[in-house]
J.: 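If you scroll down you'll find the structure; I have some questions about it.
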Amino acid sequence: MKIIRTPEERFESLPDYSFQPHYIDIADNLRMHYVDEGPSDGEVVLLLHGEPSWSYLYRKMIPVYTDAGYRVIAPDLIGFGKSDKPLEMDDYSYQSHTEWMVAFIEALDLNGINLFCQDWGGLIGLRIAGLHNDRFARIVAGNTFLPNGKGKPSAEFLQWQEFSKTAPILPIHKIMQNSTVTALSQEELDAYWAPFPDKTYMAGAKIFPSLVPTSEDDVAIPTNLKAWEVLSKSPKPFLCLFSDKDPITAGGDKIFMKYMAGAKDQPHQTIENGGHFLQEDRGEDIAKIMIDFMKHS
């Protein structure tokens with residue numbers, strides 16, 4: 001596996017992102033970057049991002065948690081942010097992303113995890129929370145899902161899979177702006193571009209949509225079904241915070257509320273004026289809602 005690393009100077013002077021960088025070597029000789037803020041003995045909040053973002057997405061939320069006394073861990077998935085980037089699209093799979101994140105959690109020995117996950121952060125995080133349920137205390141899902149192979153993907157999603165895989169360069173600016181209600185500044189849009197100096201760094205981002213299982217015979221489905229089985233029976237609190245302006249995951253919260261035992265009688269909310277990347281639109285409010293949830297569940 002050939003690996004490249006985004007130069008550090010690409011991340012200098014990013015707006016509202018002055019967090020100290022942390023790095024750890026995990027499986028396959030890969031280096032993963034993560035934010036680690038707040039008291040080292042604080043209750044853990046794990047923030048998992050998706051496509052094509054990175055931990056910068058959580059810059060508005062991290063200080064809210066730390067001010068409340070929590071230890072916040074926000075890793076960059078392999079292929080994203082400041083983490084290492086395997087060069088070939090074939091280097092990435094749903095399974096490899098799961099294994100890399102499990103290796104990260106085990107290396108830091110994270111326990112009592114309060115998970116917030118969105119987009120691919122949920123596909124990875126919810127799978128791991130099912131397979132390693134003893135490490136998790138609570139789950140908050142926002143604009144995400146855990147594929148079980150049932151249902152038919154929309155024509156728009158299939159087009160997105162094909163476009164992202166075949167486009168010479170992903171239009172990161174356009175993807176991020178079109179997926180938020182808030183008008184992002186040029187500096188913020190540039191921060192989302194920062195991990196990708198040129199197209200050679202984009203293999204992970206380009207292949208990610210194609211890794212979403214869309215049929216029951218997908219190789220990823222049996223593992224997801226195992227995770228579903230555990231999560232559906234687990235009494236650990238499960239909260240849904242889905243936004244009102246995300247056509248990609250609309251209705252996914254209803255599925256979780258119906259099938260997850262831990263979701264019963266929880267204070268689920270619809271986040272108003274939030275796009276797909278609801279962390280950009282309502283980040284501080286979401287963090288406050290989650291803190292209240294953690295204190296009272």
Side-chain angles (χ1 to χ4, degrees), residues 11 14-24 26 31-50 53-78 80-83 97 100-126 128-129 132 135-144 188 191-192 194-195 236-241 243 269 271 274 277-297:
F11 302 102
L14 299 183
D16 302 318
Y17 191 85
S18 58
F19 309 114
Q20 183 71 25
H22 296 268
Y23 296 95
I24 192 167
I26 56 168
R31 189 182 76 165
M32 183 176 282
H33 165 262
Y34 63 102
V35 172
D36 189 345
E37 296 283 316
S40 60
D41 59 349
E43 194 172 348
V44 173
V45 174
L46 178 63
L47 307 175
L48 297 185
H49 72 84
S53 62
W54 57 292
S55 56
Y56 185 76
L57 181 66
Y58 287 106
R59 69 195 181 282
K60 299 177 183 179
M61 298 171 65
I62 292 170
V64 182
Y65 296 117
T66 57
D67 287 349
Y70 292 91
R71 178 188 179 190
V72 185
I73 309 290
D76 294 338
L77 299 177
I78 294 298
F80 296 84
K82 299 183 181 182
S83 290
H97 273 293
W100 293 330
M101 187 53 61
V102 169
F104 172 80
I105 290 171
E106 291 179 343
L108 293 184
D109 195 24
L110 300 181
N111 289 287
I113 297 170
N114 296 285
L115 173 67
F116 182 89
C117 54
Q118 181 261 342
D119 192 84
W120 256 102
L123 275 73
I124 296 169
L126 294 174
I128 294 172
H132 302 270
R135 287 188 179 269
F136 290 78
R138 301 171 189 84
I139 295 172
V140 180
N143 294 354
T144 191
E188 290 171 323
Y192 284 113
K236 295 180 180 180
F238 192 112
L239 181 68
C240 293
L241 299 178
S243 63
Q269 292 191 39
I271 305 301
F277 294 111
L278 68 173
Q279 302 98 315
E280 279 289 353
D281 298 315
R282 298 289 305 279
E284 296 95 332
D285 295 331
I286 293 167
K288 291 175 183 177
I289 293 169
M290 183 171 171
I291 289 169
D292 187 67
F293 169 66
M294 291 187 288
K295 289 181 176 179
H296 296 97
S297 62

J.: How about F104 and L108: do any of their side-chain heavy atoms sit closer than 4.5 Å?
T.: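 Contact flag for F104/L108 side chains = yes.
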J.: Taking the six-membered ring of Y17, is NZ or CZ of R59 closer than 6.0 Å to its centre and within 45° of its axis?
T.: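 Here R59 fails the 6.0 Å and 45° test against Y17.
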J.: Looking at side-chain heavy atoms only, is the closest gap between P75 and L46 below 4.5 Å?
T.: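 Yes, at least one pair of side-chain atoms sits under 4.5 Å.
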J.: For the atom pair CE (M32) and CD1 (I78), what is the distance rounded to the nearest 0.5 Å?
T.: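 These two atoms lie 4.0 Å from each other.
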J.: Walk me through whether R282 and S243 qualify under side-chain hydrogen bond (donor to acceptor under 3.5 Å, both in side chains).
T.: CA-CA 9 Å; R282 298 289 305 279; S243 63; over 6 Å; no
J.: Looking only at heavy atoms, what is the nearest atom pair of G69 and P39, with distance?
T.: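 In this case the closest contact between G69 and P39 is O-CG, 3.3 Å.
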J.: I'd like to check N114 versus E43 (side-chain heavy atoms, cut-off strictly below 4.5 Å). Are they in contact?
T.: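 Yes. Closest side-chain heavy atoms under 4.5 Å.
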J.: Okay, side chain of N143, backbone of Q118: is any donor-acceptor separation there less than 3.5 Å?
T.: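 Absent.
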J.: Within this structure, what is the CG-OG1 distance for the pair L241 and T144, rounded to the nearest 0.5 Å?
T.: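 Between atom CG of L241 and atom OG1 of T144 there are 12.5 Å.
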J.: Might you point out which heavy atoms bring Y23 and P21 nearest each other, and give the distance in Å?
T.: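 The pair with the smallest heavy-atom distance is CE1-CB, 3.9 Å.
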J.: Counting distance only, does the side-chain N/O of K60 pair as donor-acceptor with the main-chain N or O of E280 below 3.5 Å?
T.: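 Checked: pair present.
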J.: Quick one: do L47 and V35 satisfy side chain to side chain contact (heavy atoms under 4.5 Å, CB included)? Show the steps, please.
T.: CA-CA 10 Å; L47 307 175; V35 172; over 6 Å; no
J.: Measure the CD1-SG distance between I124 and C117 for me, rounded to the nearest 0.5 Å.
T.: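 I124 CD1 to C117 SG: 10.0 Å, rounded to 0.5 Å.
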J.: Report the distance from atom CG of L14 to atom CD of E188, rounding to the nearest 0.5 Å.
T.: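 One gets 10.5 Å once the value is rounded to the nearest 0.5 Å.
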J.: What class does the angle between the rings of H97 and W120 fall in, given that below 30° is parallel, 30 to 60° is tilted and above 60° is perpendicular?
T.: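 Geometry flag for W120 against H97: tilted rings.
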J.: Would you call R71 and D36 a salt bridge, using N to O less than 4.0 angstrom?
T.: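 A salt bridge links R71 with D36.
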J.: For the side chain of H49 and the backbone of D76, is there at least one donor-acceptor N/O pair under 3.5 Å apart?
T.: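 It does not hold such a pair.
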J.: How far apart are the closest heavy atoms of S55 and A74, and which atoms are they?
T.: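 Of all heavy-atom pairs spanning S55 and A74, the closest is CB-O, 3.6 Å.
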J.: So, do F80 and S53 sit near enough that their side-chain heavy atoms are less than 4.5 Å apart?
T.: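 No. Closest side-chain heavy atoms not under 4.5 Å.
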J.: Got a donor-acceptor contact below 3.5 angstrom from the Y56 side chain to the P15 backbone?
T.: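 Between the backbone of P15 and the side chain of Y56 there is a qualifying donor-acceptor contact (under 3.5 Å).
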J.: Let me check something: any side-chain donor-acceptor pairs from residues 287-296 under 3.5 Å, sequence neighbours excluded? List them with distances.
T.:
| unit_1 | atom_1 | unit_2 | atom_2 | d |
| --- | --- | --- | --- | --- |
| D292 | OD1 | H296 | ND1 | 3.2 |
| H296 | ND1 | D292 | O | 2.8 |

J.: Sub-3.5 Å donor-acceptor pair from the side chain of R135 to the main-chain atoms of L110, do we have one?
T.: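 Answer holds: yes.
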J.: Check whether S83 reaches the backbone of H33 with its side chain - one donor and one acceptor, N or O, closer than 3.5 Å.
T.: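 Yes; at least one donor-acceptor contact below 3.5 Å.
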J.: Minimum heavy-atom separation for A107 and I24, please, with both atom names.
T.: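 Smallest interatomic distance, heavy atoms only, reads CB-CD1, 3.4 Å.
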J.: Within the structure provided, determine whether L126 and I139 are in side-chain contact (heavy-atom separation under 4.5 Å).
T.: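 Result yes, sub-4.5 Å side-chain heavy-atom pair found.
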J.: When rounded to the nearest 0.5 angstrom, what distance separates CG in L115 from CD1 in I73?
T.: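 The CG atom of L115 sits 12.5 Å away from the CD1 atom of I73.
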J.: Could you list the residues that satisfy ring-ring contact (aromatic ring centres under 6.0 Å, His included) with F11, not counting sequence neighbours?
T.: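 So F11 forms a ring-ring contact (aromatic ring centres under 6.0 Å, His included) with W54.
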J.: Just verifying a value: how many Å separate Y65 OH and Y58 OH, rounded to the nearest 0.5 Å?
T.: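 So the OH of Y65 and the OH of Y58 are separated by 8.0 Å.
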J.: Backbone N or O of F136 within a donor-acceptor pair of the K236 side chain at under 3.5 Å?
T.: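 Yes, because the side chain of K236 sits within donor-acceptor range (under 3.5 Å) of the backbone of F136.
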